[in-house]
There are 2 protein chains.
Amino acid sequence: MPRANEAWESLMKAYAVLMKQFNAEDVWGELTMREYDVLYQLSKCDSPLRMSELNRHVLLSQPALSRMVDRLADRGLVDRCPDPGDRRGVRLSLTPAGRETQRAIGRPHARSVARALSVLTPQELDQLAAITGKLAGNEER
Amino acid sequence: MPRANEAWESLMKAYAVLMKQFNAEDVWGELTMREYDVLYQLSKCDSPLRMSELNRHVLLSQPALSRMVDRLADRGLVDRCPDPGDRRGVRLSLTPAGRETQRAIGRPHARSVARALSVLTPQELDQLAAITGKLAGNEER
DNA sequence: TCAGATTCAATGCGTTTGCATCTACCTTAA
DNA sequence: TTAAGGTAGATGCAAACGCATTGAATCTGA
């Protein structure tokens, strides 16, 4: 059990250090990192995403995400249309401009990520992906 | 290089999932998770900590941290006294009440962490700690 | 079939955040 | 000694956040 807490603390520290490092990089242009994250999550799904689904992948409260999508839609980066199957819901997708913006920022950012993780061996990268994947899979209790 | 990006994405997802899980737990009382993090960082150092040092460990901008410490000091949880060696600086430490609060919240939270990470084997915990430790160590570029 | 419970997303509101800037102090070197 | 440059932390201000709540649509069981 102390091992678990050490591991979690170490993960948190790595997250903080790398996030600060990435945030300081001059690649974000007109977006914040959080906004980029939303665009990135949308870029991964070809079929439109539900608000609640997107919210599961983003570290924001539901109202904050709702308003952020609002702003991104106003800026023409995200398309928000009503879900025909569930009229409470909303279907989110990137506009062409949104996709373009995501790619333009994603390219240099991906390089930064690769550079930051280049201290790890390929085996370590695989282990890290496997272990964190296992952690994220265990969503419920 | 695609491996590095997969690993980072997986780490981010694990972080997001677990943070949401922890945040939803009913253990935080009068504190937010970010405030708890500040108290926790202070609880680890017996000698008073400098603002800038603390800022390195917390995912907050310098002004945001400055004001958070302000509020925590107003609430009697943190002691902020001028550094005799450098009169620009500040020495931060927990008050007895702050230490008590940190412990009261830290205990159940540590149990949650252990529970969430219980899907991993002891070897995986060690690997995770080692790998993330390596990542956090590489602070510059 | 329809009342109650649940889910999805939006909105009101007070608090917190980040950016830019400021003041105060330290350091260096001429 | 002192002027120039750098660092530590605080503050003004607009933007963004979280909590609580709402309105609307769906689901559920009697």
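In this text the structure is predicted, and so the values were computed from the model without any measurement. Proteins get letters first, then strands, A, B, ... in listed order; numbering begins at 1 in each. Reckoned from all heavy atoms, side chains included, excluding hydrogens, waters and symmetry mates.
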Report the C-alpha separation of B:Asn5 and B:Glu9 in whole Å, then their side-chain angles, then the decisive distance to 0.1 Å, and conclude whether the side-chain hydrogen bond (donor to acceptor under 3.5 Å, both in side chains) test is met. CA-CA 6 Å; B:Asn5 291 283; B:Glu9 181 168 353; over 6 Å; no
Ignoring hydrogens and angles, tell me if any N or O in the side chain of B:Glu53 forms a donor-acceptor pair with the backbone of B:Arg50 under 3.5 Å. no
May I have the step-by-step check of side chain to side chain contact (heavy atoms under 4.5 Å, CB included) for A:His57 and A:Lys44, ending in yes or no? CA-CA 12 Å; A:His57 300 301; A:Lys44 286 194 305 182; over 6 Å; no
Rounded to whole angstrom units, what separation is found between the CE atom of B:Met33 and the C1' atom of D:dC17? 15 Å
Length of the line joining B:Asp74:CG and C:dT16:P, which is rounded to integer Å: 11 Å
Rounded interatomic separation in angstrom, taking CZ from B:Arg87 and C1' from C:dT27: 14 Å
Residues that B:Glu25 engages under side chain to side chain donor-acceptor pair (under 3.5 Å), provided they are two or more places apart: B:Ser112
Round to a whole Å and report the spacing from CG of A:Leu31 to C1' of C:dG18. 16 Å
How close or far is atom P of C:dC19 from atom CG of A:Asn23, stated in whole angstroms? 7 Å
Can you list, in residue-number order, the parts of residues 34-44 of chain A that come under 4.0 Å of DNA chain D, counting heavy atoms only? A:Arg34
Which letter, B, S or -, goes with each nucleotide of nucleotides 7-15 of chain C from 5' to 3', with contact meaning a protein heavy atom under 4.0 Å? BSBBBBB--
Please determine whether a side-chain nitrogen of the Lys or Arg among A:Arg3 and A:Glu6 lies less than 4.0 Å from a carboxylate oxygen of the Asp or Glu. no
Please report the interatomic distance CE(A:Met68) to CZ(A:Arg34), rounded to the nearest 0.5 Å. 6.5 Å
Value in whole Å for how far the C1' atom of D:dG18 lies from NZ of B:Lys20: 12 Å
Would you mind reading off the distance between A:Leu59 atom CG and D:dA16 atom P, rounded to a whole angstrom? 18 Å
If you compare all heavy atoms of A:Lys20 against all heavy atoms of B:Asn55, which two are closest, and at what distance to 0.1 Å? NZ-O, 2.6 Å
Classify the angle between the aromatic ring planes of A:Tyr15 and B:Tyr15 as parallel (below 30°), tilted (30 to 60°) or perpendicular (above 60°). parallel
